[in-house]
Amino acid sequence: MMKSYTIIVLLASVLVLAGCGNAGVFVASNNTQVELSEGNYSIVAKNVSGTSESAYILGASYSWGMATNAIGLIPIGDGKMLYKDAREDLWANFEAANSPVEGRKLALVNIQYDAGTTNLVLYTKAKVTITADVIEFD
């Protein structure tokens, strides 16, 4: 019985010391003052979304409120910055359906962050999706 506890503690130590992981939380504070009641903008796209995920073998992940975390021994893929990658995917999806964003006065509004995790015996995955409407100022 003692031998099995030793193996579990040893495996957990290896996972913590040698594993890869990512942690993400989205906390924003915007100080920009924008007057949306003046009609100086138009909605150019609704429900544009972007997704990012990370997966690991021999790991665990969780999502709680605004935080999504994953840790594992063997990473699968290169998803390390979930919120940043999801935001970049959102803009890439917007540009694919519309025109380039360079030089335009665009803003994301009605932003929604969704996160989910999958924990199986040997496999874990964390996924973040950002959905927003895009407005353009005159």
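None of these values were measured; they are calculated from a predicted model.
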Student check: side-chain heavy atoms of [X] and [Y] closer than 4.5 Å:
| X | Y | result |
| --- | --- | --- |
| T51 | K127 | yes |
| N47 | D133 | yes |
| V44 | F94 | yes |
| W91 | V134 | yes |
| I43 | V109 | no |
| S42 | I135 | no |

Minimum heavy-atom separation for [X] to [Y], with atom names?
| X | Y | answer |
| --- | --- | --- |
| I130 | Y83 | CD1-O, 3.7 Å |
| L82 | S52 | O-CB, 3.3 Å |
| D138 | Y41 | OD2-N, 3.9 Å |
| T68 | A115 | OG1-CB, 3.2 Å |
| Y56 | P75 | CD2-CA, 3.5 Å |
| G59 | N119 | O-OD1, 4.5 Å |

- [ ] Check whether any side-chain N or O of N93 sits under 3.5 Å from a backbone N or O of S49 as a donor-acceptor pair, and report yes or no.
- [x] yes
Rounded to the nearest 0.5 Å, what separation is found between the [atom1] atom of [X] and the [atom2] atom of [Y]?
| X | Y | atom1 | atom2 | result |
| --- | --- | --- | --- | --- |
| E53 | D89 | CD | CG | 10.5 Å |
| T131 | K46 | OG1 | NZ | 14.0 Å |
| I74 | L58 | CD1 | CG | 5.5 Å |

Task: Set of residues satisfying side-chain contact (heavy atoms from CB on, under 4.5 Å) with respect to Y123, sequence neighbours excluded - done: A55, I76, L120, K125
- [ ] Return yes if a side-chain donor-acceptor contact under 3.5 Å exists between T124 and S61, otherwise no.
- [x] yes
TODO: For the residue pair D114 and T129, confirm or rule out a side-chain donor-acceptor distance under 3.5 Å.
DONE: no
Task: side chain to side chain donor-acceptor pair (under 3.5 Å): pairs with one or both residues in residues 94-103, sequence neighbours excluded - done: S99-R104
Task: I71-Y62 co-clustered via ILVMFWY side chain contacts under 4.5 Å - done: no
